[in-house]
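For the numbers below, each heavy atom of this structure counts, side chains included, while hydrogens, waters and symmetry mates do not. Bear in mind that the values here come from a model prediction, so they are computed numbers and not experimental data.
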Amino acid sequence: MTGPDDGRTGADAPWEGWTGHRRTIGAIWAAVLRQSETGPDDNFFAVGGSSLKIIDLYSRLNRRWPGVLRMGELFDLITISAQAEAITSRVDAGADVRREDLTPPTAYEL
C-alpha cells in the first residue's frame, strides 16, 4: 500500500519499516489523513485528524479488524502505537471480540 496521492512508493513511506499492526494502521492513517508523515506516537488530532476523520479511521479499522475497537475508543487511543497495542492485545488473546462483549464506558471525555 502506498501513501495516498502523494507520489510516494511504498518503499519510501515512513511506516513501511514498521511491522505488524503498526504498519497496517500507519497505512490506514496515511489514507485517512492524506499524508504519510506521521510517527507511531503522533497525536491523530495534531497531525490533521478531526472528529469527521475519526469516522473514516474507524470504518477502515473496523473493515480490517471487525468489532475489535469501538469508535469512541479512538478519542482515547490517539496514536498509531496505542491503536496497535489495543488491537494486538485483543486479537492475540484469541477471543472473538464482538461489540456486545465490550463494556461501554459510562462517559467519554471530549
>> With side chain to side chain contact (heavy atoms under 4.5 Å, CB included) as the criterion, how do M71 and L57 come out once you've worked through the C-alpha distance, each side chain's angles and the decisive distance to 0.1 Å?
In response: CA-CA 9 Å; M71 185 182 314; L57 177 63; over 6 Å; no
>> What verdict does the side chain to side chain contact (heavy atoms under 4.5 Å, CB included) test give for L69 and I87, after you've listed the backbone C-alpha separation in whole Å, the side-chain angles of each residue and the deciding distance to 0.1 Å?
In response: CA-CA 7 Å; L69 295 174; I87 289 169; 3.8 Å; yes
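Side chain of T88 to backbone of A84: a donor-acceptor contact under 3.5 angstrom is found.
Take S81 and apply the side-chain contact (heavy atoms from CB on, under 4.5 Å) test, not counting sequence neighbours, and it matches R22, P40, D41, T79. Remark: I78 pairs with N43, F45 by the side-chain contact (heavy atoms from CB on, under 4.5 Å) rule, at least two apart or across chains.
Taking both residues in full, the closest heavy atoms of V68 and E73 are given as O-OE1, 4.3 Å, listed atom of the first, atom of the second, then distance. Of all heavy-atom pairs between L77 and A86, the closest is CD1-CB, 3.8 Å. Closest approach of Y58 to R70, counting heavy atoms only: CE1-C, 3.8 Å. The two atoms that bring A31 and R60 nearest to each other are CB-NH1, 3.3 Å, heavy atoms only. Across all non-hydrogen atoms, the minimal contact from T38 to Q35 is CG2-NE2, 3.6 Å. Considering all non-hydrogen atoms of both residues, T24 and W65 come closest at CG2-CH2, 3.6 Å.
With values rounded to the nearest 0.5 angstrom, I25 atom CD1 is found 10.5 Å from E85 atom CD. Here the straight-line distance linking atom CG of L61 with atom CD1 of I54 works out to 9.0 Å at 0.5 Å rounding. In this structure, CD in E37 is found 10.0 Å from CG in D42, a value given to the nearest 0.5 Å.
In this structure, the side chains of V32 and F44 come closer than 4.5 Å at one or more pairs of heavy atoms. Side-chain contact between V47 and W29: present, with at least one pair of heavy atoms (C-beta onward) separated by less than 4.5 Å.
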